[in-house]
Asker: 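Below you'll find the structure I mean.
Just follow the structure's listing: the first ligand is 1, and inside any ligand the first atom is 1. Reckoned from all heavy atoms, side chains included, excluding hydrogens, waters and symmetry mates. Everything numeric in this text was worked out from a predicted model, so none of it was measured.
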Amino acid sequence: MKVVDLKSDTVTRPSLGMRQAIMQAEVGDDVFGEDPTVNRLQEMTADLFGKEAALFVPSGTMANQIAIKAHTRPGDEVICHSDAHCFNYEGGGAGFLSGVQLHPLPGPGGLITAEQITHAIRPFDHHYPQTSLVCLENTHNRAGGSLFPMEEMERIYALCQEHHLAVHLDGARIMNAHIASGVPLKDYGRCVDSISICLSKGLGAPVGSLVVGSKEFIDRAHRYRKVFGGGMRQVGILAAAGIYALENNVQRLEDDHRRAQRLANALNDLEPFSVDMEMTQTNIVIANVKKPLDALQIAEQLKNENILAIPFSQTRIRFVTHLDIDDRDVDYAIDVLNRLYQK
Ligand code: TLP
């Protein structure tokens with residue numbers, strides 16, 4: 001019996017076409033900058049976002065942490081949302097690796113506004129840390145895959161330029177944002193200084209992320225990739241999977257979004273669950289669980305039916321659609337949910 005794995009879009013397995021691309025990849029030693037496939041992936045990604053350069057790194061976490069390191073100095077402060085991935089799920093990396101403190105701001109839907117940031121920027125006074133970076137996230141994972149509105153990103157970028165702050169975008173799922181909103185990738189590139197992009201989530205590659213930005217920023221990022229132990233050798237085999245993903249698996253994200261909508265609507269029809277449909281704009285569905293049921297118990301019950309989901313807390317459970325989930329899997333999940341939780 002197939003397991004319907006809705007834990008994360010990181011669980012996809014490379015398709016046959018992707019494996020063929022891996023087989024045929026030309027490789028070289030990338031620490032010497034001599035892997036032609038890595039170089040092609042980097043150029044291609046920088047071009048997509050209208051930026052000067054890009055760097056291939058092993059993970060989304062490393063991409064974000066390299067960006068934080070390259071934009072800050074020890075003792076600085078970084079503004080982010082209190083639900084941001086870099087604040088919650090990167091092992092305290094910003095303090096550990098860059099010696100910076102994070103200044104998390106609250107806000108509905110993973111959204112922070114230019115007004116909030118204006119108040120959070122520290123004045124020049126030797127008592128205070130120096131604010132040097134703002135980190136945004138689009139789509140926003142803990143907010144249910146929601147989109148960060150373009151107008152607000154533009155306002156934030158203008159404000160940050162005025163205050164000489166850098167803006168980094170955690171774009172682990174920026175392709176989902178692009179497909180759901182129709183915003184051209186170059187528009188995202190235009191209103192941030194750097195972006196991290198994951199190939200190993202909805203795009204279906206087995207590993208890999210990129211950080212993109214100016215040439216000068218990427219030169220610094222390159223040094224930190226080495227320091228963080230992320231210099232890799234004949235990784236054209238992985239870059240080939242990334243190129244294949246960018247060429248074949250972007251437009252199809254709309255299927256994942258459509259399936260997530262179906263799942264969200266079905267959950268909403270059931271008494272124990274409620275899903276904020278306004279936040280459900282891409283491939284992530286976060287269901288609030290009403291008492292006396294709790295999310296951990298529901299994850300266990302679903303697991304017994306070969307459906308996997310992640311409890312985010314006792315009252316929230318996350319389902320993620322992806323390349324390896326088709327319409328029949330969603331039908332099956334909905335049937336099971338109806339059987340278990342319909343009154
Ligand atoms: N997110 C994972 C878990 O860490 C929660 C997931 O299953 O969603 N930024 C965002 C917005 C992410 O969601 C993730 C991974 C990362 C960065 C980190 O990427 P990796 O796992 O490649 O280090």
Side-chain angles (χ1 to χ4, degrees), residues 5-14 45 55-69 78 80-94 96-97 102 104 109-112 134-148 153 168-178 180 188 192 194-212 224-225 228-230 232 235 238-239 241-242 245 253 256 260 279-286 295 299 308-313 316-325:
D5 193 345
L6 298 162
K7 285 199 304 295
S8 180
D9 46 9
T10 58
V11 302
T12 55
R13 302 200 168 106
T45 311
L55 186 70
F56 185 51
V57 300
S59 70
T61 300
M62 192 183 280
N64 284 339
Q65 293 303 324
I66 285 176
I68 292 173
K69 182 81 186 162
V78 177
C80 64
H81 191 280
S82 55
D83 274 336
H85 194 277
C86 64
F87 181 57
N88 291 284
Y89 298 124
E90 297 186 8
F96 191 89
L97 298 164
L102 297 181
L111 186 66
I112 51 177
V134 173
C135 284
L136 306 176
E137 188 174 313
N138 194 7
T139 67
H140 203 283
N141 186 350
R142 264 169 77 102
S146 57
L147 301 170
F148 203 102
M153 281 182 67
H168 172 68
L169 175 63
D170 178 346
R173 296 188 178 83
I174 194 67
M175 293 301 181
N176 295 83
H178 162 62
Y188 292 121
V192 295
S194 58
I195 314 181
S196 48
I197 299 122
C198 287
L199 302 166
S200 62
K201 304 209 160 53
L203 299 185
V207 66
S209 290
L210 291 113
V211 53
V212 301
Y224 295 126
R225 183 183 71 177
F228 292 172
M232 303 179 287
V235 280
L238 300 180
L253 291 170
D256 298 345
M279 293 296 112
T280 312
Q281 294 165 313
T282 57
N283 67 328
I284 298 180
V285 179
I286 297 184
L308 305 181
I310 287 196
F312 260 13
S313 68
R316 276 155 50 93
I317 183 162
R318 186 185 79 163
F319 302 83
V320 187
T321 55
H322 53 76
L323 191 57
D324 291 354
I325 294 293

Asker: Between Arg142 and Asp83, does any NZ, NE, NH1 or NH2 come within less than 4.0 Å of an OD or OE carboxylate oxygen?
Answerer: yes
Asker: For ligand 1, would you mind listing the residues that have at least one heavy atom less than 4.0 Å away, ordered by chain and number?
Answerer: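 Residues near ligand 1: Ser8, Ser59, Gly60, Thr61, Asn64, His85, Glu90, Glu137, Asn141, Asp170, Ala172, Arg173, Lys201, Arg318.
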Asker: Could you verify whether a donor N or O on one side chain and an acceptor N or O on the other, from Thr321 and Asn283, lie under 3.5 Å apart?
Answerer: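 No, Asn283 and Thr321 have no side-chain donor paired with an acceptor closer than 3.5 Å.
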Asker: Can a side-chain donor-acceptor contact be found between Ser194 and His168 if the only test is distance below 3.5 angstrom?
Answerer: yes
Asker: For the residue pair Arg173 and Asn138, confirm or rule out a side-chain donor-acceptor distance under 3.5 Å.
Answerer: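 The criterion, which ignores hydrogens and geometry beyond distance, is not satisfied for Asn138 and Arg173.
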Asker: Does the side-chain hydrogen bond (donor to acceptor under 3.5 Å, both in side chains) test come out yes or no for His85 and Glu90, once each step is laid out?
Answerer: CA-CA 7 Å; His85 194 277; Glu90 297 186 8; 2.7 Å; yes
Asker: Take the angle between the ring planes of Phe312 and Tyr89 and call it parallel below 30°, perpendicular above 60°, tilted in between.
Answerer: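 The arrangement is tilted - the two ring planes meet at 30° to 60°.
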